[in-house]
Enquirer: 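The structure is given below, and queries will be raised subsequently.
Below, chains carry the letters A, B, ... as their sequence lines are ordered, and counting in each starts from 1.
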Amino acid sequence: MLLAVVIGLIVGVLPGIGGAGATALLIPVSFPMPPDLAISFLMGVGVSSGIGGQVTSILVNIPGDPPNAATTIDGYAMTRKGKAAEALGAATFGSVFGAIFGTLGLLAILPFARDLVLSFSYAEFFMIMLTGLVLIAGLTRRNVFKGLVSAGVGLMVAFIGLDPVNGQPRFTFGQLYLWDGIDLVPALVGLFAGAEMLALFSTNTSPVMVKAVEGVRQSRFVDGLVSVVRGWKVVLSSSVVGFIIGVIPGIGSTVGSFVAYGQTRRFSRHKDDYGSGAVDGVIASETANDADKGGALLPTVVFGIPGGTLMAVLAAGLIIHGVQMGPTLFRQDQHILYVLIVASLLPRLVAAGILTILGTRVAALVRIRGDILAPIVIVVSMMGVYAINREIRDVLIALVFSYVGYAMERHGFSRVALIIALVLGANMELTFHQTLDAGGLQTFFTRPIALVLFVVAALTLFGPLVLKLWRQVAARGAAAP
Amino acid sequence: MNEARVKATTRTRSVGAIVFDLFLIAFVLVIVVAALDVSARAALFPLVVGIPTLIGLGILLLRDIIGKPPTLEAEAKQAVYDPETGEHHLPDLSHADLRELYDAAQDEIEAEEVLPDTPEARRRQLLLAGWTVSIIVVGALTSFLVAVPLGLLVILLLTQRWYVALVTSLGVTLFVYVLFGVILGIRF
């Protein structure tokens, strides 16, 4: 776990890679590990990176990951005032409390969710996956249409291989290699590595760390802890916001951290301080960012619907280790569930401890140039992909997906929707046919939970459009003489 | 000149977007056509998904061919994060409502994904893309234990001082060998 935390912190500090990307790249390395250890390792990397991302947000005004962006608003302003250590301390301890809240929230809801999900039948399983996919396609990017198309393409890729119903090869075009379908790991590695490494390699400078204004008393890391304790209301409210947003698949921790920041400012008595170094702004965004991860685990482990990109990558990693998220986890691998929960909390506490000791010195990593890092990451990820099956075609698949990922980013498609469709595709088809066999098409609409989920999916798809038309009609009506 | 013609000439089209749409259409079409050759049961779900996806891609292709007018929105998005300098310019959120906060978060996510577009950046991107292909080719023809140090040395010599390139390529090769060859037992 310590290794995972160190890697996660480094990845978080280095701009350009991100927690989800690093986790994807490390899946092949986790192969020889037993499932429990692999889960802890992958989860540890993913969740620790968020804490590492605070460092660059605060010290260099570059978020390590988009969820750290709201932290730059006041965090960087505090750095310019000579309060970098306090900002970092506030962010770190805010993250710790957010992580604890998120975990407690998850543990509190889990027994109820468990009873619910164990009552699910095939129709509910299919509908929850469909609704999750629609939510993710609709909420992760502004262009809902492209999100849905991305999900559709992801499902088409998932259909390649053995038909899950009959076990016959399908869409393999005579290639034995494709009988097992497109392997998740090369696709994941390619989708994440491609665009990120191209961006990283594109610039030949490293970020410049700002010097604090001279003559200002430098703050201490522990001042951040004092701020967090004093701002307990901010911690609590931001944790709630982050957790709730994390529970809904597709919204993401970036929105959570921005909303928490905005709401904290709205109810603050010192509104004018925000934007020029309000420590509560830093606490709000990072607390929400970490509480979000506890919330995102809920749909992932209970329903098998990844709550976001990191969860999608973790779900893929677990599938590769023979562990299926969702109801199967409750029925057969319940100990894995608790390993997941502990692995989502403990690494963040350890990461916070390391940051407390190292403080702003961690920021030295930011000086590593992207044009050195990018080729190294590409080489290591290629080796990792090759290591799965000793198959050069896996490396070629990763290469193809890296170009596809690059093009998707460039032209506004959703990589997350594609990945989640890839993860869910086989199960969706299986439960679709199982429902048809069990009771026919009407089963999707006669079972209450399935119907509710269908309505949620329909509202997600058509609700914004209907609302927009309604507002236009209302505006025309108001404008008419 | 009439208004429609003025609007048509000021619209922007992206050749890359059109090519990518065509690529996706080709992929989905191949699967949909292949589905017609398998049993009805095996073809059902792929067709249920594939046909609407194909229609959706067709609509996107038409929209990309027609093009779109440049918008202030696009400019505002670019202003959030400058990928060339790494500077972050978040809007003033001190008076933002929930919708504006959501939009700011989406702007941040989308701006983060913008690739630098200067001639130098494009040259570097092409270099990296070509280098990646060549590493795979050399690795397939010889061994990755040959391709990795050679490939790293070549690309780092193009962008770094010779001693940085040498030390880095040797160090990474050693790391890869120890991690994959010794610890994981992979033979290259």
Enquirer: Chain A heavy atoms under 4.5 Å from B:Arg123: which part of the residue, side chain, backbone, both or neither?
Expert: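 When you check distances to chain A, no heavy atom of B:Arg123 falls under 4.5 Å.
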Enquirer: Hey, mind stepping through B:Leu145 and B:Tyr177 against side chain to side chain contact (heavy atoms under 4.5 Å, CB included) and telling me if it holds?
Expert: CA-CA 8 Å; B:Leu145 280 180; B:Tyr177 176 72; 4.1 Å; yes
Enquirer: Tell me, side chain or backbone of A:Ile392 under 4.5 Å from chain B's heavy atoms, or both, or neither?
Expert: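 Only the side chain of A:Ile392 comes within 4.5 Å of chain B.
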Enquirer: Give me the one residue out of A:Ile397, A:Val395, A:Val380 that meets side chain to side chain contact (heavy atoms under 4.5 Å, CB included) with A:Val385.
Expert: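 For A:Val385, the side chain to side chain contact (heavy atoms under 4.5 Å, CB included) test succeeds with only one of A:Ile397, A:Val395, A:Val380, which is A:Val395.
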Enquirer: side-chain hydrogen bond (donor to acceptor under 3.5 Å, both in side chains), that's the test. Do A:Arg410 and A:Tyr406 meet it? Break it down for me.
Expert: CA-CA 6 Å; A:Arg410 208 173 171 88; A:Tyr406 167 78; 3.2 Å; yes
Enquirer: Taking the side chain from A:Ser268 and the backbone from A:Thr264, do they hold a donor-acceptor pair closer than 3.5 Å?
Expert: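 Looks like no, no N/O pair under 3.5 Å.
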Enquirer: Pick one of side chain, backbone, both or neither for A:Asp437, based on which atoms fall under 4.5 Å of a heavy atom in chain B.
Expert: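 Contact with chain B is through the side chain of A:Asp437 alone.
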Enquirer: For B:Asp37, which atoms come within 4.5 Å of any heavy atom of chain A: side chain, backbone, both, or neither?
Expert: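 Interface part for B:Asp37: neither.
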Enquirer: Considering heavy atoms only, which positions within residues 146-155 of chain B lie below 4.5 Å of chain A?
Expert: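 When heavy atoms of chain A are the reference, residues 146-155 of chain B contributes B:Val148, B:Leu152, B:Ile155 within the under-4.5 Å range.
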Enquirer: Which residues, numbered in order, of residues 158-166 of chain B come under 4.5 angstrom of chain A by heavy-atom distance?
Expert: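 Contacts with chain A: B:Thr159, B:Gln160, B:Val164.
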Enquirer: So does B:Ile65 get a backbone contact from the side chain of B:Arg13, meaning a donor-acceptor N/O pair under 3.5 Å?
Expert: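 Yes, B:Arg13 side chain to B:Ile65 backbone: donor-acceptor pair under 3.5 Å.
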Enquirer: Mind ranking B:Ser169, B:Ala129, B:Pro52, B:Ser14 by heavy-atom pairs under 4.5 Å with chain A and telling me who comes out on top?
Expert: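 Among the listed options, the one with the most contacts to chain A is B:Ala129.
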Enquirer: Using a distance-only test with no angle check, is there a side-chain donor-acceptor pair under 3.5 angstrom linking A:Arg265 and A:Tyr261?
Expert: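 Note: A:Arg265 and A:Tyr261 side chains miss the donor-acceptor criterion.
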Enquirer: Under the salt bridge (charged side-chain N to carboxylate O under 4.0 Å, His left out) rule, collect the residues that match up with B:Arg63, sequence neighbours excluded.
Expert: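 By the salt bridge (charged side-chain N to carboxylate O under 4.0 Å, His left out) rule, B:Arg63 matches no residue at all.
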Enquirer: Are any non-hydrogen side-chain atoms of B:Thr173 and B:Val176 less than 4.5 angstrom apart?
Expert: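 Result no, sub-4.5 Å side-chain heavy-atom pair not found.
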Enquirer: May I have the step-by-step check of side chain to side chain contact (heavy atoms under 4.5 Å, CB included) for A:Gln263 and A:Val259, ending in yes or no?
Expert: CA-CA 6 Å; A:Gln263 294 301 101; A:Val259 169; 4.0 Å; yes
Enquirer: Indicate the atoms forming the closest heavy-atom contact of A:Ala288 with A:Ala260, along with that distance.
Expert: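 Shortest heavy-atom contact: CB-CB, 3.4 Å.
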Enquirer: Using non-hydrogen atoms only, which part of A:Leu396 is less than 4.5 Å away from chain B: side chain, backbone, both, or neither?
Expert: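 Side chain only.
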Enquirer: Could you have a look at A:Ser257, A:Pro28, A:Gly152, A:Pro164 and say which one has the most heavy-atom pairs with chain B under 4.5 angstrom?
Expert: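 Winner by heavy-atom pair count: A:Gly152.
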Enquirer: Is B:Leu127 in contact with chain A via its backbone, its side chain, both, or neither, using a 4.5 Å heavy-atom distance?
Expert: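 When you check distances to chain A, only side chain atoms of B:Leu127 fall under 4.5 Å.
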Enquirer: State yes or no: are the ring centers of B:Phe45 and A:Phe159 separated by less than 6.0 Å?
Expert: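 Yes, they do, as the ring centres are separated by less than 6.0 Å.
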Enquirer: Does some side-chain heavy atom of B:Pro46 sit less than 4.5 Å from a side-chain heavy atom of A:Arg170?
Expert: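 Yes, close enough: below the 4.5 Å cut-off.
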Enquirer: Of all residues at least two apart in sequence or in a different chain, which pass the side-chain contact (heavy atoms from CB on, under 4.5 Å) check with A:Gln168?
Expert: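 Scan of A:Gln168 (side-chain contact (heavy atoms from CB on, under 4.5 Å), adjacent residues dropped) gives A:Asn166.
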Enquirer: Are the aromatic ring centres of B:Phe20 and A:Phe413 under 6.0 angstrom apart?
Expert: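 Close enough - the centres of the two rings lie under 6.0 Å apart.
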Enquirer: Looking only at heavy atoms and a cut-off of under 4.5 Å, which of A:Val153, A:Asp163, A:Leu155, A:Leu148 has the most pairs with chain B?
Expert: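 Most pairs with chain B among the choices: A:Val153.
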Enquirer: Go through B:Val133, B:Thr53, B:Leu128 and name the one with the most non-hydrogen pairs under 4.5 angstrom from chain A.
Expert: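 Between B:Val133, B:Thr53, B:Leu128, the count favours B:Leu128.
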Enquirer: Would you mind checking which part of A:Met382 comes under 4.5 Å of any heavy atom in chain B, side chain (CB onward), backbone (N, CA, C, O), both or neither?
Expert: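 The answer is the side chain of A:Met382.
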Enquirer: Below 4.5 Å, heavy-atom pairs only: which of B:Ile136, B:Leu179, B:Val28 has the largest tally toward chain A?
Expert: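 That would be B:Ile136.
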Enquirer: With a 4.5 angstrom heavy-atom cut-off, which part of A:Ile372 approaches chain B: side chain, backbone, both or neither?
Expert: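 When you check distances to chain B, atoms from both the backbone and side chain of A:Ile372 fall under 4.5 Å.
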Enquirer: Pick whichever of B:Gly56, B:Ala34, B:Ala42 has the most heavy-atom pairs under 4.5 Å with chain A.
Expert: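 With the most close heavy-atom pairs to chain A, the winner is B:Ala42.
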Enquirer: For A:Thr72 and A:Ser57, does a side-chain donor sit closer than 3.5 Å to a side-chain acceptor?
Expert: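 Looking only at side-chain atoms, A:Ser57 and A:Thr72 do not form any donor-acceptor pair under 3.5 Å.
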Enquirer: Between B:Val32, B:Val38, B:Leu44, which has the largest tally of heavy atom pairs under 4.5 Å with chain A?
Expert: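 Result: the option with the highest number of such pairs is B:Leu44.
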Enquirer: For A:Val165, is it the side chain, the backbone, both or neither that has a heavy atom under 4.5 Å from a heavy atom of chain B?
Expert: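 For A:Val165, the side chain is the part near chain B, not the backbone.
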Enquirer: Mind checking whether A:Phe432 and A:Phe126 have parallel, tilted or perpendicular rings, split at 30° and 60°?
Expert: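 Tilted, since the angle between the ring planes falls between 30° and 60°.
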Enquirer: Decide, yes or no, whether a salt bridge links A:Asp371 with B:Arg124 under the criterion of side-chain N to carboxylate O below 4.0 Å.
Expert: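 Result for this pair is yes, salt bridge flagged.
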